Visitor: 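Following this message is one structure expressed as structure tokens.
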Amino acid sequence: MSAHLAVFSVEGPVEIPFQASMAVCEKLKSLFLGSCGYHFGKFNIPSHFSGHSGSNAPIREQNTHPYYLPVPDSTFNVIKQLIIFHRHDYEHNEENICDNINKLIDFEAGITWNLYLAYNGKLNDLPLNELPLLKPFLEPSTTWRSVTPFLKSRHLRIKRSEKHDREIYRHALERELSKNISFELENHGFTPASRIEFVSNHLLYPESTSNYCSDFLKEQRHHKGARMDYGHSIIIRFSSPVAGPLALGKNSHLGMGVFSTL
């Protein structure tokens, strides 16, 4: 199956911080679903576009629905482009779904950003040299590094006996996260990783930005008496080059767990 890609350039009176990725991608998702409702009819949006079944339950194969991903500038500080990535062969009458998406509005702040459709078509036909900001997220590579935090998508089975020593707990955490990442790679159709590494200080790539995993979540709070998981910075190595986009884990369809080539 081929993949469809829509690329939007973002322009407005103020720049959007890259740390606001999830909130921005949530808005982009709403715009896309609104456009799908106009195209198919509000109650007739196919499940592979909406991500939900007829009973409104999330579909099991969630990697088949659209992914809304942020593209930062070369400094990884502000969002310059947004992409909608979809592992789906668009039929001719589906190709204009993104034509109605042209504005991103923050109603609370009263700010509007214009969205310009820079590309809309098959991923394999993308003129990558004309969109250089996309290269680190799409070009094949053997090494990929977190630029937004990886959030675990499965329960981590850490034994009680492994929680009382900091070093033992760290190894147990990395063991379980490695299993989670391996599951995600298989679920998304990628080849198995040859090595998975963890960045202990939770800095995201490139480290010159001083972007930490916790900077990307909308709220920092305690959940049921325990501190929430703010995500992890990961380096994934493959034995042969793998093409992107690479987005894994919880909320990966909303800009979390995004990886870039080094």
Side-chain angles (χ1 to χ4, degrees), residues 1-18 20-42 44-51 63-107 109-139 147-148 243-247 251-256 258 260:
M1 177 185 292
S2 62
H4 195 90
L5 190 74
V7 183
F8 299 89
S9 296
V10 181
E11 295 184 11
V14 297
E15 295 181 320
I16 304 176
F18 188 46
S21 290
M22 188 154 65
V24 172
C25 290
E26 285 176 338
K27 287 184 177 291
L28 181 62
K29 177 183 178 182
S30 296
L31 293 172
F32 180 77
L33 292 179
S35 186
C36 284
Y38 177 80
H39 185 85
F40 297 108
K42 184 176 181 180
N44 296 301
I45 302 175
S47 60
H48 51 268
F49 281 91
S50 67
N63 57 322
T64 62
H65 63 59
Y67 275 63
Y68 311 90
L69 306 176
V71 180
D73 64 346
S74 59
T75 67
F76 285 73
N77 285 316
V78 300
I79 295 175
K80 298 299 290 184
Q81 293 173 330
L82 294 167
I83 64 177
I84 299 176
F85 169 70
H86 199 180
R87 292 184 180 91
H88 175 67
D89 286 316
Y90 277 41
E91 298 179 2
H92 180 70
N93 67 338
E94 296 173 339
E95 293 177 350
N96 64 345
I97 290 175
C98 294
D99 290 351
N100 299 320
I101 301 175
N102 51 35
K103 291 187 184 298
L104 188 72
I105 304 174
D106 184 337
F107 291 101
I111 302 174
T112 299
W113 292 268
N114 292 319
L115 300 180
Y116 299 100
L117 194 57
Y119 178 78
N120 184 32
K122 292 183 178 180
L123 175 62
N124 292 338
D125 296 335
L126 177 72
L128 201 53
N129 289 333
E130 297 177 15
L131 297 165
L133 291 178
L134 294 181
K135 285 187 175 184
F137 301 94
L138 298 180
E139 282 192 327
V147 296
T148 62
L246 190 63
N251 291 326
S252 55
H253 66 296
L254 293 172
M256 294 295 98
V258 176
S260 168

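This is a predicted model, so every value here is computed, not measured.
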Visitor: Apply side-chain contact (heavy atoms from CB on, under 4.5 Å) to Leu117 and Ile101, showing your working.
Guide: CA-CA 8 Å; Leu117 194 57; Ile101 301 175; over 6 Å; no
Visitor: Quick one: SG on Cys98 to NE2 on His86, what's the gap to the nearest 0.5 Å?
Guide: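 Interatomic distance, Cys98 SG to His86 NE2, rounded to 0.5 Å: 10.5 Å.
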Visitor: I need the Ile84 CD1 to Tyr67 OH distance, nearest 0.5 Å.
Guide: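 One gets 14.0 Å once the value is rounded to the nearest 0.5 Å.
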Visitor: Let's go through Glu94 and His4 carefully: what are the C-alpha distance in whole Å and the side-chain angles of both, what is the deciding distance for side-chain contact (heavy atoms from CB on, under 4.5 Å) to 0.1 Å, and is it a yes or a no?
Guide: CA-CA 11 Å; Glu94 296 173 339; His4 195 90; over 6 Å; no
Visitor: By ring pair (Phe, Tyr, Trp, His ring centres under 6.0 Å), which residues pair with Tyr68, not counting sequence neighbours?
Guide: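 Tyr68: ring pair (Phe, Tyr, Trp, His ring centres under 6.0 Å) contacts with Phe32.
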Visitor: Kindly give the heavy-atom pair with the smallest separation between Trp113 and Asp106, and that separation in Å.
Guide: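 Scanning both residues, the minimum pair turns out to be CZ3-CB, 3.8 Å.
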Visitor: How about Glu15: does its CD atom have over 12 heavy atoms from other parts shown lying under 6.0 Å from it?
Guide: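 Counting other residues, nucleotides and ligands, CD of Glu15 stays at 12 neighbours or fewer.
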Visitor: Considering residues at least two apart in sequence or located in another chain, which fulfil the side-chain hydrogen bond (donor to acceptor under 3.5 Å, both in side chains) criterion with Lys103?
Guide: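 Here the qualifying residues are Asn114.
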Visitor: Taking side chain to side chain contact (heavy atoms under 4.5 Å, CB included) as the test, write out the residues that go with Asn124, two or more places apart.
Guide: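 Scan of Asn124 (side chain to side chain contact (heavy atoms under 4.5 Å, CB included), adjacent residues dropped) gives none.
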Visitor: Among all residues two or more places apart in sequence or in another chain, which pass the side-chain hydrogen bond (donor to acceptor under 3.5 Å, both in side chains) test with Thr112?
Guide: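 Once residues adjacent in sequence are excluded, Thr112 has no partner under the side-chain hydrogen bond (donor to acceptor under 3.5 Å, both in side chains) criterion.
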Visitor: Under the rule for side chain to side chain contact (heavy atoms under 4.5 Å, CB included), what residues qualify as partners of Ala118, not counting sequence neighbours?
Guide: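 By the side chain to side chain contact (heavy atoms under 4.5 Å, CB included) rule, Ala118 matches Val7, Ser9, Leu131.
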Visitor: With rounding to the nearest 0.5 Å, note down the distance linking CD1 in Ile97 to OH in Tyr90.
Guide: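 Spacing of CD1 (Ile97) from OH (Tyr90) equals 5.5 Å.
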Visitor: What are the two closest non-hydrogen atoms of Ser74 and Leu133, and how far apart are they?
Guide: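 Result for this residue pair: N-CD2, 3.9 Å.
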Visitor: Checking Val10 against Val24 for the side-chain contact (heavy atoms from CB on, under 4.5 Å) test, could you report, in this order, the C-alpha distance in whole Å, the side-chain angles of both residues, the deciding distance, and whether it holds?
Guide: CA-CA 11 Å; Val10 181; Val24 172; over 6 Å; no
Visitor: If you compare all heavy atoms of Pro70 against all heavy atoms of Val258, which two are closest, and at what distance to 0.1 Å?
Guide: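 Closest approach of Pro70 to Val258, heavy atoms only: CD-CG2, 4.4 Å.
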Visitor: Kindly give the heavy-atom pair with the smallest separation between Gly37 and Ile45, and that separation in Å.
Guide: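 Scanning both residues, the minimum pair turns out to be N-CD1, 3.7 Å.
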Visitor: Got a sec, which residues hit ring pair (Phe, Tyr, Trp, His ring centres under 6.0 Å) with Phe137, two or more places apart in sequence or on another chain?
Guide: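 Listed in chain order: nothing, the list is empty.
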Visitor: Say you draw a straight line from CZ of Arg87 to OG of Ser2; how long is it, rounded to the nearest 0.5 Å?
Guide: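 With rounding to 0.5 Å, CZ (Arg87) is 12.0 Å from OG (Ser2).
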Visitor: Mind checking side-chain hydrogen bond (donor to acceptor under 3.5 Å, both in side chains) for Asn102 and listing every partner two or more places apart, or none if nothing turns up?
Guide: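 side-chain hydrogen bond (donor to acceptor under 3.5 Å, both in side chains) list for Asn102, sorted by chain: empty.
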Visitor: Side-chain contact, heavy-atom cut-off 4.5 Å: Pro245 with Leu138?
Guide: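 Yes, close enough: below the 4.5 Å cut-off.
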Visitor: Apply side chain to side chain contact (heavy atoms under 4.5 Å, CB included) to Leu33 and list each qualifying residue two or more places apart in sequence or on a separate chain.
Guide: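 For Leu33, the residues satisfying side chain to side chain contact (heavy atoms under 4.5 Å, CB included) (neighbours in sequence not counted) are Lys29, Ser50.
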Visitor: Sequence neighbours left out, what passes side chain to side chain contact (heavy atoms under 4.5 Å, CB included) with Glu130? Give chain and number order.
Guide: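 Here the qualifying residues are Pro127.
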Visitor: Roughly how far apart are Ser21 OG and Leu28 CG, rounded to 0.5 Å?
Guide: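 Taking OG in Ser21 and CG in Leu28, the distance rounds to 11.5 Å.
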Visitor: Can you sort out the partners of Asn129 under side-chain hydrogen bond (donor to acceptor under 3.5 Å, both in side chains), two or more places apart, ordered by chain and number?
Guide: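 Lys135.
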Visitor: In this structure, which one of Leu82, Leu254, Leu5, Ile83 forms a side-chain contact (heavy atoms from CB on, under 4.5 Å) with Leu69?
Guide: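 It is Ile83, the one option of Leu82, Leu254, Leu5, Ile83 that forms the side-chain contact (heavy atoms from CB on, under 4.5 Å) with Leu69.
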Visitor: Sequence neighbours excluded, which residues qualify as ring pair (Phe, Tyr, Trp, His ring centres under 6.0 Å) partners of Phe40?
Guide: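 Counting only residues at least two positions away or on another chain, Phe40 forms a ring pair (Phe, Tyr, Trp, His ring centres under 6.0 Å) with Phe49.
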Visitor: Please name the pair of heavy atoms, one in Asn96 and one in Asn93, separated by the smallest distance, quoted to 0.1 Å.
Guide: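 Reported closest heavy-atom pair: OD1-O, 3.5 Å.
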Visitor: How many angstroms lie between atom CD of Gln81 and atom OH of Tyr119, to the nearest 0.5 angstrom?
Guide: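 Nearest 0.5 Å value for the CD-OH distance: 13.5 Å.
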